[in-house]
Amino acid sequence: MCDPVTLMTAAASAASTAINITQQMQRAQAQQADYSWAAQQQRTAAAADEQRAQFAEQEGEANVDAARQKMAQQLGTAQARLAAQGTDLLGSPLDVLGDIAASGEETALSLRYRSMRHAWENRVRGAARQAEARRSETLAGSVDPTLGIVKTLLS
């Protein structure tokens with residue numbers, strides 16, 4: 001028969017190894033869950049960025065339309081004033097109307113550029129978040145609980 005102390009030591013060692021293996025598996029599962037959660041958070045944030053980009057485009061279109069309507073009203077007002085003065089629309093008055101139209105179009109294009117820039121910034125941020133989500137998913141897939149188990153068994 002074997003020595004009782006040796007049996008108890010072997011049993012304690014086996015129990016310790018079993019506990020270590022269980023802990024390694026739990027850590028690996030928790031790490032996979034953390035990476036998966038991080039990936040989902042990044043995907044959700046990327047979707048919000050895309051919505052912000054679409055909103056920026058829609059808002060920009062509305063602002064451009066409003067600026068062009070305002071310019072058309074200013075042109076109409078200027079034409080009415082010039083006509084009320086009995087001015088024909090040649091020479092200097094035509095230059096004034098051209099300047100009003102050019103200024104209005106410049107404002108509209110500036111608003112369009114600003115909205116496109118905001119949309120682009122949101123899309124770039126969303127793309128970065130999608131990349132981070134893919135990275136987290138890759139890390140979640142590469143978590144290998146067997147490596148820790150093998151190290152535990154070898155020690």
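Between Asp49 and the choices Arg123, Gln130, Arg129, the side chain to side chain contact (heavy atoms under 4.5 Å, CB included) rule is met once, by Arg129. When Arg112, Gln69, Glu59 are each tested for a side chain to side chain contact (heavy atoms under 4.5 Å, CB included) with Val64, only one passes: Arg112.
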Decide yes or no on salt bridge (Lys or Arg N to Asp or Glu O under 4.0 Å) for Arg117 and Glu121, but give the supporting numbers first. CA-CA 6 Å; Arg117 189 185 72 232; Glu121 288 169 351; 3.7 Å; yes
Trace of the side-chain contact (heavy atoms from CB on, under 4.5 Å) decision for Leu82 with Gln79
CA-CA 5 Å; Leu82 291 170; Gln79 285 175 339; 5.7 Å; no
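Counting heavy-atom neighbours within 6.0 Å of Arg43 CZ, excluding the residue itself, gives a total above 12. Counting heavy atoms of neighbouring residues, nucleotides and ligands inside a 6.0 Å radius, atom CD of Glu106 does not exceed 12 of them. The neighbour count for Arg135 CZ, taken as heavy atoms of other residues, nucleotides or ligands under 6.0 Å away, does not exceed 12.
In terms of heavy-atom proximity, Ala78 sits nearest to Leu97 at CB-CD2, 3.6 Å. For the residue pair Met71 and Ala101, the shortest heavy atom distance occurs at SD-CA, 3.6 Å. What you find for Gln42 and Ala133 is that their closest heavy atoms are CB-CB, 3.7 Å. The two residues Asn122 and Arg125 have their closest heavy-atom pair at OD1-NH2, 2.7 Å.
Side chain of Ser103 to backbone of Ile100: no donor-acceptor contact under 3.5 angstrom is found. One N or O on the side chain of Ser136 and one on the backbone of Glu132 form a donor-acceptor pair closer than 3.5 Å.
Gln54 and Gln58 share no donor-acceptor pair across their side chains, judged by distance under 3.5 Å alone.
In this structure Ala140 satisfies the side chain to side chain contact (heavy atoms under 4.5 Å, CB included) test together with Tyr35, Ser36, sequence neighbours excluded. Applying the side-chain hydrogen bond (donor to acceptor under 3.5 Å, both in side chains) rule to Glu61 yields no partners; only residues at least two apart in sequence or on another chain are considered.
Here NZ of Lys70 is found 8.0 Å from OG1 of Thr107. Values are rounded to the nearest 0.5 Å.
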